[in-house]
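Structure first, then comments.
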Amino acid sequence: MTVRVRFAPSPTGWLHIGGARTALYNFLFAKKHSGKFILRIEDTDQSRSTDEAIKAILEDMRWLGLQWDEGPEIGGPYGPYRQTERSHLYEEAIKQLLSSGSAYYCFCSPEELEKMREDALSRKLSFRYPRKCRNISLEEAEERIRRGEPAAVRFKTPLEGRIKINDIVRGEVEFDLSQLDDFVIARSDKSPTYNLAVVVDDALMKITHVIRGDDHLSNTPKQVLIYRALGYPVPEFAHLSMILGPDKKPLSKRHGSTAVFEFKNKGYLPEAMVNYLALLGWSFDDKTTFFTPQELIEKFDLSRVSANPAVFDFQKLEWLNGVWIRQLDTKELAKRIEPYVKSDYGENFEIDENFYKLVELTKERMKTLRDFVDWTYFYFIEENEFSIDEKDLKKVAASSGFKDILKEARDELSALSNWDRSEIEKALRELVARLEEKPKKVFQAVRVAVTGRLVSPPLFESLEILGKERTLRRLEKAVLFL
RNA sequence: GCCCCCUUCGUCUAGUGGCCUAGGACACAGCCCUUUCAAGGCUGCGGCGGGGAUUCGAAUUCCCCAGGGGGCACCA
C-alpha cells in the first residue's frame, strides 16, 4: 500500500505557521515513505474563500519547498482538487447514505433549532438535536420535499456504542456514541457540510493517513461513522497539537508574525523555517537541532511527534536562521540576499566583487537576510546622503583628541599607495602607537566617521571595500564638520 | 454543562521502572577571544503541576484532583 496524505487548507487567508507545520509533517511523512503528498483546497465556504488566497497559499508552500504531487495547477488522477468542483461526488454519497438508511431528511428549521439551543444553554444543559425527524420514512420525506418543504440531511448516529481510534500521536482515544447527535451532513441547499465532504474526498483520493490539527480530533468519530456507512476503509489518523503564543494562547497575529510570507519578507530562509517548524513538536534525538530538508525526510517519524502543544519561540527561530545563514556558502548566500538589497536600493543593483566581500564580512553576524542591508548601510548609501548617527557621534566626540585622531588618520591613510586591508591596518596601528592612544579609541573614532555608526562590520575590511576615495572624503568631512 | 486532548528548566525537548544527584538546545548571566557588533569556547542559572497507590526502586505504571486547550453549528 502506498502512502497517500493530504494537506487541505481552506483559502480564507494566508498560509499560517500552524498550517505550514501541518503541511510540512504531511510532506515529510509522504516523502519518507515514498508516498504522495496531495493538496486539496477546501473552499466550500464560498463567501470566505478567495482565489487570491489560493494563489498565496500555493506560493508560500512552494517557497517552503513543499511541492505537492497532486493538486491545483498540476492535477492528478483523483481530481478535481477543489471542493467546489466536486459537488456531484458529495451528492452521490448523500444519496447513498439516504437510501441505505444511514441518513435521513430533517425538516426542523434552523430557527427552531437555534431557539432550542439557546434555551438549553441558558439552563446550563448540553444541547443535542432531539432526533425529531429520525423516523420519518424516506418515501414520506421525499413526498414532502416534492411539495417544496426545505430539508437538511442528518446522519443516523447509533444510539449507543463506542468508537475507538488509534491515533498515531495520541494513542487510543475512545468516544461514546451516546454523546454524539445526529449531525447534519447536507444543508437544505444540498451543499455538503465539512464532515461529509472530508470523508468523501479523503476516501475517493485514497488517503491512507490523515495528519491534521488537533481541533479535528472530536470530529473524528463522526467521520469514522461516515466511512463505515459508505463502505470505505478508515484511514490512520494523526492529530497534531496546536502552536501557542508566549502567553500559552493559540498563536495569533497579536503575538507577532504568523503568516509565512511575513517571515519571508523579514529575511528568513525557507530551510530555517522548515528546520524550526519540524522541531516544533518533533525531535529526532536528545541533541540534534540542525537538519537539512533531505535529512528531515530521512529522519522524520510521526510516532515521535509530541502530543503537547508547543509555544512558538521567535528567538529560537532567529537563532536557527543565523545558523543556516552561516553555513551557506558565500555565493549562495549572496544570491539569497540580492532581492532584499534590490528592494531597498533599487532594481538595477548588480552582484559584484564588493558585494561578495560584504556578504562574507557580515555573514556571521546576520540573523536574517534583511540584517545585511542594515550592516552595509555605509557602503550602499549615496555619498551625499551619508550621515553619522548623532547619538553614536556624541559618544565618541566627547572624548579628547577626537578631531586630531581623525585628522591624523586621514593623513596616514591618504599616504597609502596600496589600498588593501593589511596596509590599512598597518597604517592605523602605527598611528595608535605614535599617538600613544588605546587602539579602541582610534578605531572607534574612525569607525564612526567612516561607517556612520559605532557598530559596523570589521573596520579594515570595511574601509578597503568602501574604497580610498570615499573613506578619505568621509574623514575629511568629519574633521571639517566638527 | 457534556465529551475529548495536554501537563519535564522561562521556551522547544530527551527520557518507555534502576544508566537521572533528570541530558541537550534557545534565552539569560559571567568569563575567555577581541578595534565595535557578532560568531566561537568555557562556566553558571533553572524543571518532573499536586495528592494518593503499585514496587526493593517511579519523571517513567494506575487512580483522583488542579490547571491549560479543543470540540459540542444547515463554519471549516
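We use all heavy atoms of the structure for the numbers below, so side chains are in, but hydrogens, waters and symmetry mates are not. All figures in this text were calculated on a predicted structure; none of them were measured in a lab. So you know, we letter chains A, B, ... as the sequences are listed, proteins then strands, and number each from 1.
Distance check on atom C1': B:G46 versus B:C62 gives 31 Å, rounded to whole Å. Look at the C1' atom in both B:G49 and B:U55: the space between them is 23 Å, to the nearest Å. B:G41 and B:G24 are spaced 14 Å apart, taking the P atom of each and rounding to whole Å. Atom name C1', nucleotides B:G47 and B:C28: the rounded distance is 16 Å, in whole Å. Going from the P atom of B:A39 to that of B:G51 covers 41 Å, rounded to whole Å. Comparing the same atom, P, in B:G17 and in B:C74 gives a spacing of 47 Å after rounding to whole Å. B:C5 and B:C63 are spaced 12 Å apart, taking the P atom of each and rounding to whole Å. Between B:C32 and B:G68, the two C1' atoms lie 43 Å apart (nearest whole Å).
Contacts of A:N219 with the nucleic acid, taken as non-hydrogen atoms under 4.0 Å apart, include base atoms. Residue contacts for A:R212: at a heavy-atom cut-off of 4.0 Å it reaches no nucleic acid atom on any strand shown. Among the atoms of the strands shown, none is found under 4.0 Å from any heavy atom of A:S241. Within 4.0 Å (heavy atoms only), A:H216 reaches at least one base atom of the nucleic acid. Nucleic acid contact for A:T44: sugar-phosphate only, since backbone atoms but no base atoms lie under 4.0 Å from a heavy atom of the residue. Residue A:G213 is classed as having no contact, given no heavy-atom separation below 4.0 Å to the nucleic acid. Using a 4.0 Å heavy-atom criterion, one finds that A:R117 contacts the sugar-phosphate atoms exclusively.
At whole-Å resolution of the value, CZ in A:F127 and C1' in B:G71 are 16 Å apart. B:C3 atom P lies 17 Å from atom CD1 of A:I165, rounded to whole Å. One interatomic measurement links the two molecules: CG of A:L279 to C1' of B:U11, which rounds to 13 Å at whole-angstrom precision. Between the P atom of B:C72 and the CD atom of A:E114 lies a distance of 13 Å, rounded to the nearest Å. For the pair A:R304 CZ and B:U16 C1', the computed distance is 11 Å after rounding to whole Å. At whole-Å resolution of the value, CG in A:D285 and P in B:A25 are 12 Å apart. Spacing between atom NZ of A:K287 and atom P of B:G24 amounts to 8 Å, rounded to whole angstrom units. Between A:D182 atom CG and B:C74 atom C1' there is a gap of 14 Å when expressed in whole angstrom units.
Taking the six-membered ring wherever Trp is involved, the centroid distance between the rings of A:H216 and A:Y194 falls below 6.0 Å.
With both pairing distances under 3.5 Å, B:G17 is matched to nothing as a Watson-Crick or G-U wobble pair. The base-pairing partner of B:C42, taking Watson-Crick or G-U wobble contacts with both distances under 3.5 Å, is B:G30. For B:U36, there is no paired nucleotide, since no Watson-Crick or G-U wobble pair has both relevant distances below 3.5 Å. B:G1 is paired with B:C72 under the criterion used here, namely a Watson-Crick or G-U wobble arrangement in which both key atom distances are under 3.5 Å. B:U54 makes up no base pair with any nucleotide shown, lacking Watson-Crick or G-U wobble contacts both under 3.5 Å.
Between the side chains of A:S191 and A:D189, at least one donor-acceptor pair of N or O atoms lies under 3.5 Å. Looking only at atom types and distance, the side chain of A:Y81 has no donor-acceptor partner in the side chain of A:D201 under 3.5 Å away.
Sorted by first then second residue, the side-chain hydrogen bond (donor to acceptor under 3.5 Å, both in side chains) pairs that include residues 446-458 of chain A, not counting sequence neighbours, are A:Q444-A:R447, A:R447-A:S456. Residues in residues 430-462 of chain A take part in these ring-ring contact (aromatic ring centres under 6.0 Å, His included) pairs, two or more places apart or across chains: A:F443-A:F460. Identified under the salt bridge (charged side-chain N to carboxylate O under 4.0 Å, His left out) test for residues 234-249 of chain A, with sequence neighbours left out: A:D247-A:R254. A salt bridge (charged side-chain N to carboxylate O under 4.0 Å, His left out) check over residues 273-293 of chain A, counting only residues at least two apart or in different chains, returns nothing. Sorted by first then second residue, the salt bridge (charged side-chain N to carboxylate O under 4.0 Å, His left out) pairs that include residues 300-326 of chain A, not counting sequence neighbours, number zero.
In terms of the side chain to side chain donor-acceptor pair (under 3.5 Å) criterion, residue partners of A:D119 (sequence neighbours excluded) are, by chain and number, A:R123. Partners of A:A56 by side chain to side chain contact (heavy atoms under 4.5 Å, CB included), not counting sequence neighbours, listed by chain and number: A:W14. Residues passing the side chain to side chain donor-acceptor pair (under 3.5 Å) test with A:N321, sequence neighbours excluded: none.
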B/S/- along nucleotides 26-44 of chain B (protein heavy atoms under 4.0 Å) is BS-------BBBBSS----
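In summary, A:K468 and A:E423 do not engage in a salt bridge, as defined by a charged side-chain N under 4.0 Å from a carboxylate O.
Below 30°, between 30° and 60°, or above 60°: for A:F314 and A:F263 the angle between ring planes is below 30°, a parallel geometry.
Remark: A:T193 is not in phosphate contact with B:C74, judged by side-chain N or O atoms under 4.0 Å from OP1 or OP2.
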Can you give the donor-acceptor pairs under 3.5 Å from side chains of residues 152-160 of chain A to other protein atoms, not counting sequence neighbours?
from: A:R154; atom 1: NH1; to: A:D182; atom 2: O; distance (Å): 2.6
from: A:T157; atom 1: OG1; to: A:D181; atom 2: O; distance (Å): 3.0

Can you tabulate the close N/O pairs, meaning under 3.5 Å, that link protein atoms to atoms of nucleotides 4-6 of chain B?
from: B:C5; atom 1: O2'; to: A:R170; atom 2: NH1; distance (Å): 2.2

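Nearer the 5' end of RNA chain B, as judged by each residue's closest nucleotide, is the contact made by A:Y276, out of A:Y276 and A:C108.
Residues of residues 246-257 of chain A having a heavy atom closer than 4.0 Å to RNA chain B, listed by number: A:K248, A:K249, A:P250.
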